[in-house]
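Keep in mind it's a predicted model, so treat the numbers as computed, not measured. Residue numbers start from 1 in every chain, and the chains themselves are labelled A, B, ... in the order their sequence lines are given, proteins ahead of strands.
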Amino acid sequence: MFWSQLYVPTLRETPAEAEVVSHQLLLRAGYVRQLAAGIYSYLPLAQRSLLKIQQIIREEMDAIGGQEMLLPALNPAEVWKESGRWDVMGDNMFRLKDRFGRELCLGMTHEEVMTSLARGEVRSYKQLPQIWYQIQTKFRDEPRPKSGLLRVRQFLMKDSYSFDLLPAGLDVSYEKHRVAYNKIFERCGLKFIAVEAHSGAMGGSQSHEFMVESNAGEDLVVVCESAGYGANLEKAVSRPLAPATADDETPLEPEEFPTPNQKTIAELVAFTGVAATGLIKSVVYVGDEKPYLCLLRGDHQLSETKFSSATGAVEVRPAHPAEIQDWFGAAPGSLGPVGVKNMPILADLTLEGRHNLITGANKDDFHLRNVTPGEDFTATFHDLRQVAEGDTHLETGAPLKIVKTVEIGHIFKLGYKYSESMGLKVSDQDGKEVTVIMGSYGIGVERILCAAIELFHDENGMSMPASIAPFQVVITPASYLDPAVKAAGEQLYKECKALGLDALLDDRDERPGMKFKDAELIGIPYRITIGKKLPNGIVEVQTRRGRTSADVAISEAAAHVAQLIRG
RNA sequence: CGGGGCGUGGCUCAGCCUGGUAGAGCGCCUGGUUCGGGUCCAGGAGGCCGGAGGUUCGAAUCCUCUCGCCCCGACCA
């Protein structure tokens with residue numbers, strides 16, 4: 001490709017609306033333009049990069065026996081009603097009606113359509129297992145699109161679905177995907193981690209997320225490198241910090257004391273002089289419209305996900321202040337478990353075996369001291385708390401890190417959720433009908449591009465991995481007016497193409513400085529500069545990442561770059 | 001949906017408070033100049049100031065409504 005024939009509208013200044021680096025650079029480097037909130041047009045550079053990402057995904061999916069299909073993005077309501085997700089998806093689903101008033105939606109994922117397809121086709125266990133996939137546009141009416149291409153309303157997803165006769169088969173399909181995903185993200189040049197995840201509204205038993213560490217990310221992940229542990233914060237477990245001071249274990253009766261206007265844990269710590277670890281935090285949550293009192297150590301936070309698992313509740317929310325007043329006769333800030341009879345009390349495991357703690361008295365502006373779980377109130381103990389900074393690995397005690405990440409892939413063991421509700425069955429060896437077991441597996445295509453930019457950039461622009469850069473090498477004749485330099489550039493371009501390199505020749509009549517700036521901004525991993533040393537048969541090969549360069553004989557230059565790309 | 005910010009040429013922004021002929025830099029076009037890190041000089045094109053309504057002799061500027069975008073929160077298979 002000749003640069004003069006490529007539409008690359010680079011911007012000298014960063015557009016005002018862009019906050020995160022990948023968004024700023026995608027705009028500045030002329031990769032994308034915004035049409036509306038969370039809706040983007042992909043210009044030639046982005047499209048080239050995205051096609052390369054998709055090709056890598058295809059190759060690795062095909063390698064595990066995946067079969068590419070393309071399902072409709074426009075879906076009838078019926079299949080979504082069958083699975084129950086027509087209602088579950090709520091406002092996140094784009095809905096429309098056809099001219100006859102029939103309800104339709106734009107697909108936000110394709111479990112329903114895939115299951116519907118499979119139940120019409122697959123009859124026998126002999127046809128299993130199957131792995132079906134597509135790379136397709138998904139639509140989600142995000143409440144708040146943000147961060148450029150990281151959270152959008154229309155995006156490309158590789159989604160695949162496995163169909164197996166038996167759970168052991170699902171394990172195999174899941175493992176195949178896990179391996180394939182590792183290969184895909186490695187080939188895309190990313191640094192990533194695979195972590196245990198919560199399955200959320202997808203349903204199912206086991207799931208892993210593939211995450212790239214980035215400040216632009218929205219997901220918090222707990223990792224322990226030495227123990228090889230990684231989990232989404234909502235799912236992670238840890239060994240907590242020990243209480244700041246040992247409990248006084250003498251048997252004492254609860255004792256009320258005034259705490260005027262002391263509502264938060266921080267205020268109580270300052271007021272009483274007792275460390276947060278000596279307090280019981282009381283949080284009232286509503287699960288499926290039933291109230292629960294949740295108790296945590298003062299320095300801990302409730303994990304809604306764990307609350308949901310402990311209670312089995314699907315719909316979870318904090319109680320409203322008015323409800324709390326009703327149930328406790330006191331306002332939040334003075335709540336506690338002693339004497340509570342009208343709802344289940346769930347206590348975090350860290351409170352088991354503790355003595356003489358401080359908690360609310362269920363009377364405004366009063367707290368109780370000398371409250372001992374198991375003696376002064378009874379509760380069931382569960383893991384309810386979110387992992388906190390400073391916690392250590394549950395088994396090894398090694399330090400844990402909490403990092404911000406971008407999710408680029410997610411794999412789920414769905415189990416029978418969709419096959420059951422939608423009636424996907426096959427005959428087994430004995431001629432009996434058996435419900436098929438499924439998995440589903442997604443990759444956010446644009447997020448790979450964003451993650452690569454977030455991971456690899458400097459003050460001069462992007463520094464794309466060679467495998468997914470829009471071009472692998474740019475040939476930059478310092479002056480296109482010098483006939484010898486021009487001829488050498490065109491010759492070198494041909495040599496690069498002959499070696500199979502995806503090359504770009506900067507044939508523009510621009511000053512060298514401008515060409516260098518542009519090439520670095522758009523992130524081409526290698527640049528061959530033809531200039532001053534051409535009379536000696538020498539050109540310069542620059543590596544974008546780190547901006548190191550080497551003089552190379554012009555006859556060797558193409559091969560040299562090919563060598564660098566192969567690693 | 002709650003809170004905050006911003007809409008003025010393609011981009012970055014000034015002008016608004018205190019109403020009176022719409023500005024700068026970059027980019028774009030023409031000519032010249034220069035040619036290894038976003039050259040320099042001269043000339044030029046391009047904006048009904050997001051939209052609607054109101055106040056006023058007169059509105060980018062004041063008032064009301066509305067639309068859009070960004071950020072924080074809620075939310076997030």
*Asks:* From OH of A:Tyr40 over to P of B:C70, roughly how many Å is that when rounded to an integer?
*Replies:*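 Atom-to-atom, A:Tyr40 to B:C70, this comes out as 6 Å.
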*Asks:* Provide the distance between the two P atoms, one in B:G54 and one in B:G44, to the nearest whole Å.
*Replies:*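 After rounding to an integer number of Å, I get 40 Å for this pair.
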*Asks:* For A:Glu142 and B:C75, what is the distance between atoms CD and C1' respectively, to the nearest whole Å?
*Replies:*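 After rounding, the reported distance stands at 9 Å.
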*Asks:* Between A:Glu112 and A:Arg85, does any side-chain N to carboxylate O distance fall below 4.0 Å?
*Replies:* yes
*Asks:* Under a 3.5 Å limit for both distances, which nucleotide forms a Watson-Crick or G-U wobble pair with B:U55, could you say?
*Replies:*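 Its partner is none (no Watson-Crick or G-U wobble pair with both distances under 3.5 Å).
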*Asks:* Is there a side chain to side chain contact (heavy atoms under 4.5 Å, CB included) between A:Tyr292 and A:Phe307 once you walk through the steps?
*Replies:* CA-CA 9 Å; A:Tyr292 296 85; A:Phe307 169 77; 3.5 Å; yes
*Asks:* Determine the interatomic distance between C1' on B:G19 and the same-named atom on B:G5; round to the nearest Å.
*Replies:*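 Each nucleotide's C1' atom is 25 Å from the other's.
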*Asks:* When the P atoms of B:C69 and B:A60 are considered, how many whole Å apart are they?
*Replies:* 26 Å
*Asks:* Aromatic rings A:Tyr181 and A:Phe210: how do their planes relate, parallel, tilted or perpendicular, breaks at 30° and 60°?
*Replies:*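 Geometry flag for A:Phe210 against A:Tyr181: tilted rings.
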*Asks:* Rounded to whole Å, please give me the gap between NE2 in A:His23 and P in B:C69.
*Replies:*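 For the pair A:His23 NE2 and B:C69 P, the rounded distance is 12 Å.
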*Asks:* Report the distance from atom CG of A:Asn92 to atom P of B:A74, rounded to the nearest whole Å.
*Replies:* 15 Å
*Asks:* Test for a donor-acceptor pair under 3.5 Å between the base of B:G68 and the side chain of A:Gln34, counting only N and O atoms.
*Replies:*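 In this structure, the two groups form no donor-acceptor pair.
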*Asks:* Categorize A:Met157 for me: base, sugar-phosphate, or nothing, with a 4.0 angstrom heavy-atom threshold over every strand shown.
*Replies:*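 Base, at least one base heavy atom under 4.0 Å.
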*Asks:* Evaluate the ring planes of A:Tyr174 and A:His208, with Trp represented by its six-membered ring, and classify them as parallel (under 30°), tilted (30 to 60°) or perpendicular (over 60°).
*Replies:*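 Because their plane-to-plane angle lies in the 30° to 60° range, the rings of A:Tyr174 and A:His208 count as tilted.
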*Asks:* In whole Å, what separates the P atom of B:G7 from that of B:C62?
*Replies:* 12 Å
*Asks:* Figure out the CG/P separation between A:Leu220 and B:C76, and round it to whole Å.
*Replies:*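 After rounding, the gap between these two atoms is 15 Å.
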*Asks:* What contact category does A:Ala18 fall into here, base, sugar-phosphate, or nothing, at under 4.0 angstrom with non-hydrogen atoms?
*Replies:* nothing
*Asks:* Counting only side-chain heavy atoms from C-beta out, which of B:C76, B:C70, B:C71 sits nearest to A:Ser147?
*Replies:* B:C71
*Asks:* Looking at A:Glu142 and A:Arg151, does any basic side-chain N land under 4.0 Å from a carboxylate oxygen?
*Replies:*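 Salt bridge flag = yes for A:Arg151 with A:Glu142.
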*Asks:* How about NZ on A:Lys81, more than 12 heavy atoms from neighbouring residues, nucleotides or ligands closer than 6.0 Å, or not?
*Replies:* yes
*Asks:* Considering only the C1' atoms, how many Å lie between B:C49 and B:G23, rounded to the nearest integer?
*Replies:*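 Nearest-Å result for B:C49 against B:G23 at atom C1': 12 Å.
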*Asks:* B:C48 pairs with which nucleotide, Watson-Crick or G-U wobble, both distances below 3.5 Å?
*Replies:* none
*Asks:* Kindly say whether A:Ile135 contributes a backbone atom to a donor-acceptor pair with the side chain of A:Gln54 at under 3.5 angstrom?
*Replies:*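 No; judged by distance alone, with no hydrogens or angles, the pair does not exist.
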*Asks:* Can you tell me how far C1' in B:U56 sits from the matching atom in B:G46, rounded to whole Å?
*Replies:* 31 Å
*Asks:* Looking at A:Arg153 and A:Asp141, is any side-chain nitrogen of the basic one under 4.0 Å from a carboxylate oxygen of the acidic one?
*Replies:* yes
*Asks:* In the strands shown, is B:C76 matched to any nucleotide by a Watson-Crick or G-U wobble pair with both distances under 3.5 Å, and which?
*Replies:*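 Paired with B:C76, as far as the under-3.5 Å criterion goes, is no nucleotide at all.
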*Asks:* Go ahead and name the base partner of B:U12; Watson-Crick or wobble counts if both distances stay under 3.5 Å, otherwise write none.
*Replies:*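 Base-paired to B:A24.
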*Asks:* Step through the shown structure and confirm whether more than 12 heavy atoms of other residues, nucleotides or ligands are within 6.0 Å of CD on A:Gln301.
*Replies:* no
*Asks:* If you find the nucleotide of RNA chain B closest to A:Gly38 and the one closest to A:Met108, which residue's nucleotide is nearer the 5' end?
*Replies:* A:Gly38
*Asks:* Taking the six-membered ring for Trp, are A:Phe412 and A:His410 parallel (under 30°), tilted (30 to 60°) or perpendicular (over 60°)?
*Replies:* parallel
*Asks:* Once you apply a heavy-atom cut-off of 4.0 Å, does A:Tyr441 come out as touching a base, just sugar-phosphate, or nothing?
*Replies:*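 Here A:Tyr441 touches no strand at all.
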*Asks:* Could you tell me how far apart A:Arg153 (CZ) and B:C75 (C1') are, to the nearest whole angstrom?
*Replies:* 15 Å
*Asks:* Looking at A:Glu13 and A:Arg28, is any side-chain nitrogen of the basic one under 4.0 Å from a carboxylate oxygen of the acidic one?
*Replies:* no
*Asks:* Could you give the CD-to-P distance, from A:Glu19 to B:C69, as a whole number of Å?
*Replies:*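 Taking CD of A:Glu19 and P of B:C69, I get 16 Å after rounding.
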*Asks:* Taking the P atom in each of B:C57 and B:C6, what is the distance between them to the nearest angstrom?
*Replies:*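 After rounding to an integer number of Å, I get 31 Å for this pair.
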*Asks:* Under 3.5 Å, which donor-acceptor pairs do the side chains of residues 474-487 of chain A form with other protein atoms, sequence neighbours left out?
*Replies:*
{"unit_1": "A:Ser479", "atom_1": "OG", "unit_2": "A:Leu481", "atom_2": "N", "d": "3.1"}
{"unit_1": "A:Tyr480", "atom_1": "OH", "unit_2": "A:Glu490", "atom_2": "OE2", "d": "2.7"}
{"unit_1": "A:Asp482", "atom_1": "OD1", "unit_2": "A:Ala484", "atom_2": "N", "d": "2.9"}
{"unit_1": "A:Asp482", "atom_1": "OD1", "unit_2": "A:Val485", "atom_2": "N", "d": "3.3"}

*Asks:* Expressed as a whole number of Å, how far does the C1' atom of B:U66 sit from that of B:G10?
*Replies:*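 Straight-line distance between the two C1' atoms is 27 Å.
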*Asks:* Provide the Watson-Crick or G-U wobble partner of B:A42, both distances under 3.5 Å; none if there is no partner.
*Replies:*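 Partner of B:A42: B:U30.
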*Asks:* Check every strand shown and say whether A:Lys146 touches a base, only sugar-phosphate, or nothing at a heavy-atom separation below 4.0 Å.
*Replies:*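 Contact class for A:Lys146: sugar-phosphate only.
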*Asks:* Could I get a table of every N or O pair under 3.5 Å where one atom is in the protein and the other is in nucleotides 1-7 of chain B?
*Replies:*
none

*Asks:* Give each protein N/O atom lying under 3.5 Å from an N/O atom of nucleotides 34-42 of chain B, with the pair distance.
*Replies:*
{"unit_1": "B:U34", "atom_1": "O2", "unit_2": "A:Arg511", "atom_2": "NH1", "d": "2.7"}
{"unit_1": "B:G36", "atom_1": "O2'", "unit_2": "A:Lys532", "atom_2": "NZ", "d": "3.4"}
{"unit_1": "B:G36", "atom_1": "N7", "unit_2": "A:Lys532", "atom_2": "N", "d": "3.4"}
{"unit_1": "B:G36", "atom_1": "O6", "unit_2": "A:Gly531", "atom_2": "N", "d": "3.2"}
{"unit_1": "B:G36", "atom_1": "O6", "unit_2": "A:Lys532", "atom_2": "N", "d": "3.2"}
{"unit_1": "B:G36", "atom_1": "N1", "unit_2": "A:Glu540", "atom_2": "OE1", "d": "3.2"}
{"unit_1": "B:G36", "atom_1": "N2", "unit_2": "A:Glu540", "atom_2": "OE1", "d": "2.6"}
{"unit_1": "B:G36", "atom_1": "N2", "unit_2": "A:Glu540", "atom_2": "OE2", "d": "3.3"}
{"unit_1": "B:G37", "atom_1": "O6", "unit_2": "A:Arg527", "atom_2": "NH2", "d": "3.1"}
{"unit_1": "B:G37", "atom_1": "N1", "unit_2": "A:Glu520", "atom_2": "OE2", "d": "3.0"}
{"unit_1": "B:G37", "atom_1": "N2", "unit_2": "A:Glu520", "atom_2": "OE1", "d": "2.6"}
{"unit_1": "B:G37", "atom_1": "N2", "unit_2": "A:Glu520", "atom_2": "OE2", "d": "3.2"}
{"unit_1": "B:G37", "atom_1": "N2", "unit_2": "A:Arg547", "atom_2": "NH1", "d": "3.3"}
{"unit_1": "B:G38", "atom_1": "O2'", "unit_2": "A:Arg12", "atom_2": "NH1", "d": "2.2"}
{"unit_1": "B:G38", "atom_1": "O2'", "unit_2": "A:Arg12", "atom_2": "NH2", "d": "3.1"}
{"unit_1": "B:G38", "atom_1": "O6", "unit_2": "A:Arg28", "atom_2": "NH2", "d": "3.2"}
{"unit_1": "B:G38", "atom_1": "N1", "unit_2": "A:Asp518", "atom_2": "OD1", "d": "3.4"}
{"unit_1": "B:G38", "atom_1": "N2", "unit_2": "A:Asp518", "atom_2": "OD1", "d": "3.3"}
{"unit_1": "B:U39", "atom_1": "O4'", "unit_2": "A:Arg511", "atom_2": "NE", "d": "3.3"}

*Asks:* Taking pairing as Watson-Crick or G-U wobble with both contacts under 3.5 Å, can you name the mate of B:G36, or confirm there isn't one?
*Replies:*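 Here B:G36 is not engaged in any pair, so there is no nucleotide opposite it.
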*Asks:* Starting from P on B:G10, measure out to OH on A:Tyr7 and report it in whole angstrom.
*Replies:*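 The answer, rounded to whole Å, is 12 Å.
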